[in-house]
Amino acid sequence: MVVAALLGGLGIAATAEAAKTPIPKPPGREGIHAISLSPRSAKDLTAWTKSRLALEKQRKAHTLVIRPAAAADATKAAPRGAAAPLSAPAKTASTRPAVARTAQVNPVNSVQARPAALKPAATPAATSALVLYDTAGPYGQLGELYAMAVSNLAGHFGTVTAKPVSSYTAGMTEQYTATFYIGSTYYGGSVPDAVPAAFYRDALTTGHPVTWIGDNIWNMANSVGVTQFEQHYGWDPTNSYFAPNGTVGNINQVAYKGQTLTRSIPAGQDGGVLHPALLTGPGYPQVNQLAQATDANSGTTSPWAIRSGNLTYVGEIPFSYVSESDRVVAFEDLLFDSLAPATAERHRAFVRLEDISPKSDPAQLTAMADYLSSQNIPYGINVIPVYTDPKGVYNNGVPQTVTLVQAPQVVTALKYMLAHGAVLMNHGYTHQYSNVNNPYTGVTGDDFEFFKAHVDTSNNVVYDGPPPEDSTLWAQTRVTSALAAFTAAGLPRPTLWTTPHYAASAADYRVFGQNYSARLERSLYFAGTLNGGTVDSSRYIGQFFPYAVKDVYGTTVLPENLGNYEPQPYNNHPARLPADLIASAKANLAVRDGVASFFYHPYYAVDPLKQTIDGIRALGYTFVGPTDLGQ
C-alpha cells in the first residue's frame, strides 16, 4: 500500500492561462484519498489489522484470555451467565452452542426506511456527547485519531467531551445526552482490558443512548453476564465474529435508508465487520437492523449496525478508508438518533467557484455569475488575492507576481459576482509555498501553501509535514497579508476561509479559526490534539463532513463532501464527472439533515456545471449560500 494521506493528491488547480503555458497544467481537485490516515498511521493500521484477526482466531477457539487491567495476574475465568469479578480474566467465547438460538440475518430489504429514534430517559438540557477511546496496546495511538473523527461529527449537535476510556468513572453516562465508545484496541493476550467495569455496567443500565463502535463488545457481555446481556439486547457478542468463516470476506456495500453506500478496502487492510449473533425466542427483545453489509464474493448479507434498548452497535470503525459515497455516511446520520432524534428531513446543496486569482479570466467569471444568477443559486467564490509564479514556469522563465490591485478587470468581475449572488471567501494568500515545487511548480493554484508535499515514484502525492517556519505568527502573517490585499482592492473582508489544498498544521487551523467565522473545507486532525500533548504532525486523520461541525480545533467547519468536477485523472485519482458528483449527492440523501457541497473551477465550460446542478436539484436538494450552511 502506497498512499498519500486522506487529502493526498489534493487539488492541483490550473489558471485561466493554461492553454498558453509551456508545460501542461495539472488538473484541479481538492479531493480525498482512499485512506484517511497519514502514511505512518496507515502502517499502524496494517499491523493492527493483522494483530486483531489473530486475536479473533484465539477468541473463536475459546483460548483468548482477557485480563482486567486492575488485576492482570488473575487466572480464574468467570462463569458464563454471571458478571466476571474484577480479579478474574474473562474467556470471551461462549461454551454453549449458539446455532439453535441464532436468527437468520434478514435480507437487505429488511432495513427500515428510518431507524427508530432513541428517546433518552433523562436528556440534559443542552445536548452533549461523551466520546471514549482506547489508548492501550501497541496501536493505541489510533484511538485518539478515531475519537477526533467522532468528536468532530458530534460537534454538529452540541458540546463534546473526549477522554480515554480508562479514565471513565461510574455515572458519567448520566451526565451526557449520549455516549460513544470507539473500540480500536482488541484487548487480549499481553494487553489487559483497559475498559473499566463501571463503564460496562453503566452502558447496560443507563437510560441514555450508548453507541459502541468496533471491538470489545464481547467483553461487556462477559463483564455484566452473557445471559443478562442477551436478555437485555437480544444478541450474543461472545459468538459474534469479524471472520466467522475464517475470512473477513469482501464486504463492499452497506445498505442504509434506501441508499447503497460503498466500502472499498484493499486486501490485507480489512479488519472485517462484526457479524452479530442475533437471538430469537421468548425473553429476547427484537434487534433493529439499521444497516446491512453485503459480501461481494458470496452475496450474503449481515447487519452493519444494529440497535436494541439503549445500545447502538456499529460493526466496524468507518473512518480509515472513505470516499464521497462511503458507508461513513450511515454513521454520520446515526448520530441524529442519539443526539437530535426530532430532526426533520432537510437536504441542502452548495457550490463554490474555486481558485480564482488575479490571473483568472474576467469573462469566464462573468459567464459563471450570469448562469448561477439566472438559476437563483447563491454561491461562494474562493479567491486567492496574490498570484505568483516565482520561477516563471508559465511566463517563459520570467518570475511574475500579480496582486488584485494590479488586476482591475478581475476585481470588477468579482464585484459583479458579489452583486449577483456570490459570497467572497479567502483561499489562502498565494496558494503556493516559496520558490520550490510543492509538489508541482511553485505556482499559485498548483501547490500547497501551508504544508510540504512531494510526488513519489508511484505518482502519489505524499504529505511531508508543515514547513520549517510554520508557527502561529507565520500563519497569522499570511492571513493578515491576504486580508490587506482584499482591502487594497476595494473588496469586502471575507469571513470564510478555505485552506489551499485543505492541508495545514494544527496551529495554522487555529489561526484560521481566529480570523474567520468558519472554514469551508476538509481538514487534517493531528495526534496529540485531544490529550493536550505535543502535536505529532506525522500522525493524523483527515475528514470531511455532511453538515457544519464545531471541530476539535474549536472552529466551525462548513461541509465539502462531494469533491469537484475533474475530467482528467491525476495522481492515481480517477476523473470525476457530473454523474459521479450526482451519485455522491444521492448517497448523502441518507443524512436526514445533510448538505451536498461541491466546487467547480471557472476555467472549465459552464455546461458540466449545469449538468451537476440540474442533477443535484432533481434529487430534491435546495441550493443555499455558504453562510446558510451553519444553520
Side-chain angles (χ1 to χ4, degrees), residues 44 48 66-72 74 83-87 90 124 126-155 157-188 190-206 208-220 222-224 310-312 314 317 319 338-339 506 525-536 539 541 550-554:
D44 294 337
W48 171 84
I66 301 174
R67 296 175 174 83
L86 291 180
S87 61
T127 301
S128 60
L130 174 63
V131 177
L132 303 171
Y133 59 97
D134 293 326
T135 57
Y139 315 111
Q141 60 271 14
L142 292 172
E144 184 191 12
L145 301 180
Y146 298 137
M148 286 190 288
V150 175
S151 297
N152 289 335
L153 292 170
F157 301 91
T159 62
V160 182
T161 299
K163 60 178 57 188
V165 69
S166 58
S167 301
Y168 182 88
T169 57
M172 278 188 179
T173 56
E174 305 309 306
Q175 302 170 26
Y176 299 89
T177 307
T179 297
F180 300 83
Y181 166 61
I182 308 122
S184 61
T185 295
Y186 198 120
Y187 294 113
S190 63
V191 183
D193 186 358
V195 179
F199 177 61
Y200 291 141
R201 289 193 296 265
D202 288 354
L204 180 78
T205 59
T206 182
H208 293 223
V210 174
T211 298
W212 195 295
I213 309 158
D215 295 347
N216 305 318
I217 186 69
W218 46 88
N219 291 343
M220 174 182 169
N222 276 309
S223 181
V224 303
N310 68 309
L311 181 67
T312 299
V314 180
I317 301 172
F319 300 115
S338 297
L339 295 169
Y525 297 95
F526 298 89
T529 299
L530 287 185
N531 62 28
T534 301
V535 172
D536 184 350
R539 295 188 189 277
I541 190 169
K550 179 64 71 70
D551 72 359
V552 295
Y553 298 136

- Query: Do Tyr186 and Trp218 have ring centres separated by under 6.0 Å?
  - Reply: yes
Report the distance from atom [atom1] of [X] to atom [atom2] of [Y], rounding to the nearest 0.5 Å.
X      : Y      : atom1 : atom2 : result
Tyr139 : Asp44  : OH    : CG    : 8.0 Å
Met220 : Phe199 : CE    : CZ    : 7.5 Å
Trp212 : Tyr181 : CH2   : OH    : 6.0 Å

So, for [X] and [Y], which heavy atoms are closest and what is the spacing to 0.1 Å?
X      : Y      : result
Gly528 : Asn531 : O-OD1, 3.1 Å
Ala129 : Phe180 : CB-CE1, 4.1 Å
Val191 : Pro138 : CG2-CD, 4.2 Å
Ala506 : Phe526 : N-CE1, 3.6 Å
Glu144 : Thr529 : OE2-N, 3.1 Å
Leu530 : Ala147 : CD1-CB, 3.7 Å

Does [Y] offer a backbone N or O that forms a donor-acceptor pair with the side chain of [X] under 3.5 Å?
X      : Y      : answer
Asn310 : Ala203 : yes
Asn152 : Val552 : yes
Asn216 : Asn219 : no
Trp48  : Ser184 : yes
Thr185 : Ala136 : yes

- Item | Distance-only polar pair, side chains of Asp134 and Tyr146, donor-acceptor under 3.5 Å | no
- Could you verify whether a donor N or O on one side chain and an acceptor N or O on the other, from Tyr200 and Asn222, lie under 3.5 Å apart?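 Checked: Tyr200/Asn222 side chains show no N/O donor-acceptor pair below 3.5 Å.
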- Ile182 vs Val131, side-chain contact (heavy atoms from CB on, under 4.5 Å): CA-CA, chis, key distance, verdict: CA-CA 8 Å; Ile182 308 122; Val131 177; 3.6 Å; yes
Listing, residues 159-173 side-chain donor-acceptor contacts under 3.5 Å, not counting sequence neighbours, or none:
from, atom 1, to, atom 2, distance (Å)
Tyr168, OH, Met172, N, 3.3
Tyr168, OH, Thr173, N, 3.3
Tyr168, OH, Asp202, OD2, 2.6

- Decide yes or no on ring pair (Phe, Tyr, Trp, His ring centres under 6.0 Å) for Tyr525 and Tyr553, but give the supporting numbers first. CA-CA 9 Å; Tyr525 297 95; Tyr553 298 136; 5.0 Å; yes
- Is the closest side-chain heavy-atom distance between Leu153 and Phe319 below 4.5 Å?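 Side chain of Leu153 against side chain of Phe319, heavy atoms only: contact under 4.5 Å found.
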- Take Glu174 and Thr206 through the test side-chain contact (heavy atoms from CB on, under 4.5 Å) and record every step on the way to the result. CA-CA 7 Å; Glu174 305 309 306; Thr206 182; 2.6 Å; yes
- With Leu132, which of Thr179, Val150, Val195 fulfils side-chain contact (heavy atoms from CB on, under 4.5 Å)?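 Going through the options one by one, the only one that passes is Thr179.
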